[in-house]
Amino acid sequence: MVEEFAFDTTEERRKVRQNGTGWIEVIAGSMFSGKSEELIRRLNRARIARQKVQVFKPRIDARYSKEEIASHSGQTHGSMPVATTAEMMAQILDDTQVVGIDEGQFFDMAIVDAVNELAESGKRVIIAGLDQDYTGRPFEPMPQLLSVAEFITKTHAICVKCGSTANYSQRTVESDARVEVGASDKYEARCRKCFIPHADSPTLHE
Ligand code: ADP
Ligand code: ZN
């Protein structure tokens, strides 16, 4: 099997490759930080390497296109929307080599065991997601996924207020729902200094 890595072949990564097992890569960061772009880049490279790729996204995220994952810069990649981890697992074919998952934060907690199982069965799993919600709290199941991943990439956006490195997704509309699907109409990237915890976030305002 031809292996395709998105990164430089460091010693650790070379060892994983030689071992012939699967592994988990997590791409985590704020909104607009380039998670989807990075996921799409890795998936495209896997396809160029003629690997069998399957891509999933949670059905909750109906932005842009139902059958595609999409970046804010307009890049897209075909994907299968699924409502649950169980639905995703039921779709995965034995000969699939690479499993891509976008919007990991919208999956149920069963995703953690599922990606471990996929990696143990020899597949490369690449999962992108928001590591913090709009209040700055860790967004489950991303912390758990970061814990079990062999490789982690943290992506950053640019703060729209001051141009610094942004690590937060500032909600710009009134809503205290943890899941409020939107893009630049509802969120903007902010750095630590410019991020203001949302008015609906009581614990951060005590
Ligand atoms: P994510 O999946 O992390 O939300 P995307 O991959 O969808 O990010 O989009 C990243 C793209 O968003 C960037 O390449 C850039 O074109 C655009 N963009 C818009 N606003 C910003 C910002 N504040 N900082 C960085 N990129 C931004
Ligand atoms: Zn700032």
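Order of listing sets the numbers, starting from 1, for every ligand and every atom in it.
- Residue Ser33 has at least one N or O atom closer than 3.5 Å to an N or O atom of ligand 1.
- With Asp102 as reference, Ser36 is the one residue of Ser36, Ser71, Ser79 to meet the side chain to side chain donor-acceptor pair (under 3.5 Å) rule.
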(request) Kindly determine whether Glu150 and Arg124 satisfy salt bridge (Lys or Arg N to Asp or Glu O under 4.0 Å), including the steps that lead there. (result) CA-CA 10 Å; Glu150 272 85 353; Arg124 173 188 180 191; over 6 Å; no
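- Using 4.0 Å as the threshold, Ser30 has a heavy atom nearer than that to some atom of ligand 1.
- Under a 3.5 Å cut-off, the side chain of Lys123 and the backbone N or O of Thr96 do form a donor-acceptor pair.
- Under the 3.5 Å distance criterion, the side-chain polar atoms of Gln170 are left unmatched by any main-chain donor or acceptor of Phe195.
- Pairing each heavy atom of Ile111 with each of Met88, the nearest pair is CD1-CE, 3.7 Å.
- Checked by atom type and distance alone, the side chain of Glu87 pairs as donor or acceptor with a backbone atom of Ala83 at under 3.5 Å.
- For ligand 1, the atoms lying closer than 4.0 Å to a non-hydrogen atom of Ser71 are 5 (P), 6 (O), 7 (O).
- Here's the thing with Ile158: one of its N/O atoms is less than 3.5 angstrom from an N/O atom of ligand 1.
- Close N/O approach between Gly34 and ligand 1 is found [any backbone or side-chain N/O within under 3.5 Å].
- Backbone and side-chain nitrogen or oxygen atoms of Phe32 are examined, and one is located within less than 3.5 angstrom of a nitrogen or oxygen of ligand 1.
- Relative to the ring axis of Tyr168, Arg190 does not place its NZ or CZ within 45° and under 6.0 Å from the centre.
- Near Ala189, meaning under 4.0 Å from one of its heavy atoms, ligand 1 places the atoms 23 (N).
- Close approach of ligand 1 to Ser73 is summarised as follows: ligand atoms under 4.0 Å from at least one heavy atom of the residue are 16 (O).
- Using a 4.0 Å cut-off to heavy atoms of Val160, the atoms of ligand 1 that qualify are 23 (N).
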